[in-house]
Structures are given as structure tokens and as C-alpha cells.
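First up is the structure itself, then whatever we jot down about it.
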Amino acid sequence: MSKGMGKLGALLPSTVDYRALRTSWKSDVVAGITVGIVALPLALAFGVSSGVGAEAGLITAIVAGIVAAVFGGSNVQVSGPTGAMVVVLAPIVATHGAGSVLVVGILAGAILVVAGVLRLGRTVSYIPWPVIEGFTVGIGVIIFLQQVPSAVGVSGEGHHTNSIIAAIQSITEADPRKALYSVMVVIAVAVIMLVLSRLNGWIPASFIAIVAVSVVAALFRLPLETIGELPHSLPAPHLPELSLTLVYALIGPAFAVAALAAIESLLSARVAGSMADTGPFNADRELVGQGLASLASGVFGGMPATGAIARTAVNVRSGAKTRVAAIVHSLSLLAVVYLAATVVSHIPLAALAGVLMVTAGKMVSVATIKEVTKTSRPDAAVFILTIIVTVTFDLVIAVGIGIAAAAFFALRALSRASGIHRQELRGEPQPGDEKIALFRLEGSLFFGAAEGILERIERYEGIEVVILRLSQLQLVDATGARTLTELVNVLERKGITVLIKGIRKEHLRIFQRVGVVNSLRHVNHLFTELPPAVEHARSHVRRSTTGAMY
């Protein structure tokens, strides 16, 4: 019982989380305010882009940001609405309405909490690198395409759920005069952000670009759609209406959201851990923290949240050492709600579109694309396939297909690395040696390689005794062991005696269970050393020649 409580305690907050606060509180506060400035335009933009509104994006950054900071598994992770989550939520909003996001967030949060308690945090490490980079590039492309309606001054309502088709629809529907102002705003935001970023990476370029463009748009009264009225306080917490029919309809999307939140949050926390020595990272606790964050966000009217790689990186670079930095980031945004909601409501939607377009562009790294595509053809194929499926179909489906493709190529490579080689018998040649075949099996004996081994051995004719050397086998699965059993049975039915040498200790149990050992004609046909096996084979040939049987 105490052991179980100890494991559960590792998933909960403790005073250890803040042991560095005495010396780091100043840098944590500065880092938190810095990240808050960076997060403000992104939170607003992601809320608008997902279809639930700027208010929901801001609520998510505040509520989920605080909860994930307290309960999460990383000391410096910053959570909130992200581009990847927008990619998944936008089709859900288009199909089920904006209110469905609250239900999806609560369901996904519960799924993540259960996953953390079940210790599933490390499973993300099994996702291949080309798949991760592929869906990152795909997300960048989709985010860019999703901003096209705002960039040309079109609402985007009633458009196709596919981002490519929706972007084309928006361009064809755009009013040239209105589109001109919107495109100019997007270009202005992009230029300011890119110039400031090159001058100094510490400058909150997106915040400055939003402020500059909003001031110009207000002074010249440009005909641009704005964010609109925002609340001057956080809404009261409430549970959305739930029914079995609604839950049944949204449980699939909820699992997709939970999977994405887990992937993005754990990858972000891992990146943060590699950037600075800010304490250990607990993957299972991170899932619990992100689950609670999405639950809380849904209760307050926000979106599902994930760890945000870009904001987390800013947090670390700004000197964050403890969770206080992420908490201050959320409190900074809360201050905006209470003190500057009216000002923020006048920000043009095109300006937010410009911020996200630049953000999306940074996600598509040319250097990374070259690096992945030059590693190997299978990696390049998995990378490109993941991008295509992400952009044309669905992010979570893309991850699944990418993993399946990577597994296929890995198994094919493993199968090719496996082999069967015929060897010469040791010692002086003796009459009848040509009737003995010595085969060495090496590498892996699994479902992808076993069938080829069976075909290879059956090619040889005029053989009376087969010796199988198994000491070089590294991997054996049930299918491989079963195929070996079938091989022995086939050879024995043809009158060929099979001797097995060198079964490794770790393989003995599966060979016994599947029947490899029992399929041998005699218990004495199992050897640990090669010379006795060869001598037994020769004696068998001599006996068969004289008419005696063994």
C-alpha cells in the first residue's frame, strides 16, 4: 500500500518543485512577464483560428497555464493553446459547433489523467524522428493555410473543413479592396516580426508587430475586422451539458486531442530539459498535469491545452528556473483581461493571421527537411508520407500511418539483416559429409524473416541430416519459433533428421512452448556444442548407409 501511495505521490505537486525559488524568484518573474508578452498575441490568434474565439484562447492560456505549471512534470514548461491543437480543433468546431470544444477538452483531460496514472508517459519516446518532423511540418502548412481567410478579409464560415480547399474558397470569395488592406496588414506584421527577430532574438517581435499595426489601423480607420469585445473578467466555472449521445459523438475526437496533447507536451518538456538544467522531468506527471489543465480550461470555457514548445523555449532562455515563471506568465495574461480587454478588442484579425503565418513558416525548417530526407530513403518516405497525410487528412491519423510506415521499414531492414548461411563441417572431410547440411541462423527469427528461412533450407536436395546452429540468433518471436517448428516437422516428414545446436537461454522457453524441442525426433538431437552434433550427424549417415536406423 505504501509503495502504491509512493508512486501516486510522484504524480502530485510537492515543495521540491520550488526549492530553487529563494535564489531564482527574480529571474522567474522576469521570464514569466516576458513569456506573457509573447503568449498574448498567440493565445488570441489560436483562439480565433480554432473557431472558438479570442476569449477562449486567452482563458486557456490563463487557466490551463496555471494548472499545468503547478501539476505538470516539468519545472519550466509553459502550456496553453497551440497551433497543433488548432489543427485538430478546427474540424471539430466545423462539424459539432464551438460548444463541443468544452466537452472535448473535459473528456480529453480525463483521458490524459488516466494515461498518466497508468504510467504511459514514456510511450511517446517510441515515435520515430521522421514522423515527429513530418507532422510538425504538416502542422505548419495547415496553420498557414488556416490564416488565408483572415489574411484576405473573409470570415471563413461555411468553408470546407480541409484547409487547402478552404484557402482556395477564401481567395475566390475575397473582395479585392477589402483583401488589399488585410494583405497589407499581414505583410506589415510579417516584416516587423522578421526584422526584429534578426536584430535581437530577445525582442517580443509578435507583440510589437501587433501593437504597431493596431495603432496604425485605428488612426487611419482602416476597414478591417477586429477581435471584438472581450470579457473584463474570467467567466464563472461551469460544466457543459453532457449526454450519452454527445459523449459518444465526441469520444473519438477527444482521444485524438488527448493523443496530440500528450505528444506535443512531452516533446516540449523533453526539449526544455535539454536546453537547461532545470531539474528532472516526469513524463507521467506531465500527462496528469496537462489532463487537469484541459479539464480546468473546459470548465472555464477554454480550449484543450498542451505544452507549447516556442513559449517554453522563451521561458528557458529568459532565465526561468521554477514553475513560478509559468504561473507569472498566466497572471500577466489575467491582468490583460482585467485591465486592457477594451484595448485588445481593437486588434485586427489580419494582424493575428500575420503572426500565425510567420509562426507557421518557422515550423517548416528547410535545414531539418534536408537533414531528414538525406538520412535514408525509408526515413525520407516516412517523413513525406506523414506531411501529406497531415495536410490532406488528419494529424492523428498521420501520426498513426507514419508510425506504421516506419515500423514496416524497420522490420524490413531487420529482416534483411537476418540470415541463414550454410557452413562447411569442421575437421577432416569424411564419406557422407555431402549428405549433412550445417546451417547457421543469425540476426532475428521473427514473422518478417522466418518464411524466407524456411524457403532457403527447402531448396537443398540429397540431404539426410540438417544441423541448425541457433547461438547467433538475437531476436525470436512466437511466429519465428512456430516457423522453426514447422521447418523441423517438414524436414522430418521428408525423412531428414534435424539436429539443433546452441539454443540460447533466453530463447529456450519460447522454443519449448511453441514446440520446437518436442518436434525433434529424439531428445538427444538437442546439443550445446557443435563437435558432438557433427559427430552425431556423421554416425547417423553411416548407420543409414548400412541399413541401421536411429
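As the structure is a prediction and not an experimental result, all values here were calculated from the model. Excluded from the calculations below are hydrogen atoms, water molecules and symmetry mates; all remaining heavy atoms, backbone and side chain alike, are included.
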[X] side chain near [Y] side chain, heavy-atom distance below 4.5 Å:
X      : Y      : result
Thr226 : Ser345 : no
Leu292 : Leu295 : yes
Val216 : Val185 : no
Thr375 : Phe383 : no
Pro128 : Val131 : yes
Ser49  : Gln147 : yes
Leu42  : Pro81  : no
Ser150 : Ser182 : no

For the pair Asp28 and Lys321, find out whether any cationic side-chain nitrogen is under 4.0 Å from an anionic carboxylate oxygen.
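Judged by the 4.0 Å cut-off on N to carboxylate O distance, Asp28 and Lys321 do not form a salt bridge.
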
Calculate, to the nearest 0.5 Å, the distance between atoms [atom1] and [atom2] belonging to [X] and [Y] respectively.
X      : Y      : atom1 : atom2 : answer
Phe46  : Ile143 : CZ    : CD1   : 5.5 Å
Thr312 : Arg270 : OG1   : CZ    : 14.0 Å
Met193 : Ile203 : CE    : CD1   : 12.0 Å
Gln146 : Ile139 : CD    : CD1   : 10.5 Å
Met363 : Glu133 : CE    : CD    : 10.0 Å
Leu107 : Ser294 : CG    : OG    : 11.0 Å

Verify whether one side chain among [X] and [Y] offers a donor that lies under 3.5 Å from an acceptor in the other.
X      : Y      : answer
Ser265 : Thr306 : no
Thr322 : Asn75  : no
Ser74  : Glu286 : no

How far apart are the closest heavy atoms of [X] and [Y], and which atoms are they?
X      : Y      : result
Ala326 : Ala69  : CB-CB, 3.6 Å
Ala261 : Met85  : CB-CE, 4.1 Å
Ala341 : His232 : CB-ND1, 3.8 Å
Ala174 : Val152 : CB-O, 3.8 Å
Leu287 : Gly116 : CB-CA, 3.8 Å
Leu112 : Ala262 : CD2-CB, 3.9 Å

[X], [atom1]: over 12 other non-hydrogen atoms inside 6.0 angstrom:
X      : atom1 : answer
Trp129 : CH2   : yes
Glu173 : CD    : yes
Leu244 : CG    : no
Tyr18  : OH    : yes
Tyr338 : OH    : yes

So, the side chain of [X] versus the backbone of [Y]: is there a donor-acceptor pair under 3.5 Å, distance only?
X      : Y      : answer
Ser268 : Glu264 : no
Ser170 : Ala166 : yes
Asp284 : Leu11  : no
Thr60  : Met303 : yes
Ser214 : Val211 : no
Arg285 : Phe71  : yes
Ser243 : Leu246 : yes
Thr95  : Ile92  : no

Derivation and outcome, salt bridge (Lys or Arg N to Asp or Glu O under 4.0 Å), residues Arg323 and Asp17
CA-CA 7 Å; Arg323 299 160 189 268; Asp17 298 336; 3.6 Å; yes

As a test of understanding, state which of Ile59, Leu40, Ile37 forms a side chain to side chain contact (heavy atoms under 4.5 Å, CB included) with Leu333.
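Filter result, single survivor: Leu40.
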
